[in-house]
Amino acid sequence: MTSEADTVAEMSPFANTLTNWKKEIINSFIIVDEKSNRKMNTAIVENRNKSIKLLKHASNGYLNWERFRNRILYTLNEDTTFYYTSIRKNGK
C-alpha cells in the first residue's frame, strides 16, 4: 500500500526539507527566556522595517541620504523628544 506522500511529487522535497532542518525547526519552538515565557521572534525587526517603509512612502522620497537616515534614527529612537523652541547650550 502506497502512502499519499509517495503519490504527490511536491511532498518529497518538502519532507526532505523538514528532515534536513529538523533541529532548527524544533529549536524555533523552544522558549528562550524561562522567566517571562518569551520566544525568539523577529517582530521588532519587522516593525522597524515597516516604520521605515511608511516614512519613505509618506515623505514622497528624500533626495538627501543623510537627512533620510537621520529622520529614520530620530523616528525609531523612543528616547527622543522634540521642542517647539530651540534649546541653547549656554542656558539663555
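- Of the possible polar contacts, one joining the N70 side chain to the E66 backbone as a donor-acceptor pair under 3.5 Å is found.
- Y62 OH: more than 12 foreign heavy atoms inside a 6.0 Å radius.
- Annotation: side chain of T75 is not in contact with side chain of S51 (no heavy-atom distance under 4.5 Å).
- When the side chains of ILVMFWY residues are joined at heavy-atom separations under 4.5 Å, either directly or via intervening members, V45 and I72 end up in two distinct hydrophobic clusters.
- Here CG of N49 is found 12.0 Å from CD1 of I44. Values are rounded to the nearest 0.5 Å.
- Within the 3.5 Å criterion, the main-chain N or O of L73 finds no donor-acceptor partner in the side chain of N77.
- In L18, the CG atom is crowded: over 12 heavy atoms of neighbouring residues, nucleotides or ligands sit closer than 6.0 Å.
- In the hydrophobic clustering of this structure, F14 groups with V8; members are Ile, Leu, Val, Met, Phe, Trp, Tyr whose side-chain heavy atoms approach within less than 4.5 Å, directly or through other members.
- S59 places a side-chain N or O within 3.5 Å of a backbone atom of K56 that can act as its donor or acceptor partner.
- Under the 4.5 Å side-chain heavy-atom criterion for grouping Ile, Leu, Val, Met, Phe, Trp and Tyr, L55 is not connected to Y74 through any hydrophobic cluster.
- Atoms CD and CH2, on E24 and W21 in that order, are 5.5 Å from each other to the nearest 0.5 Å.
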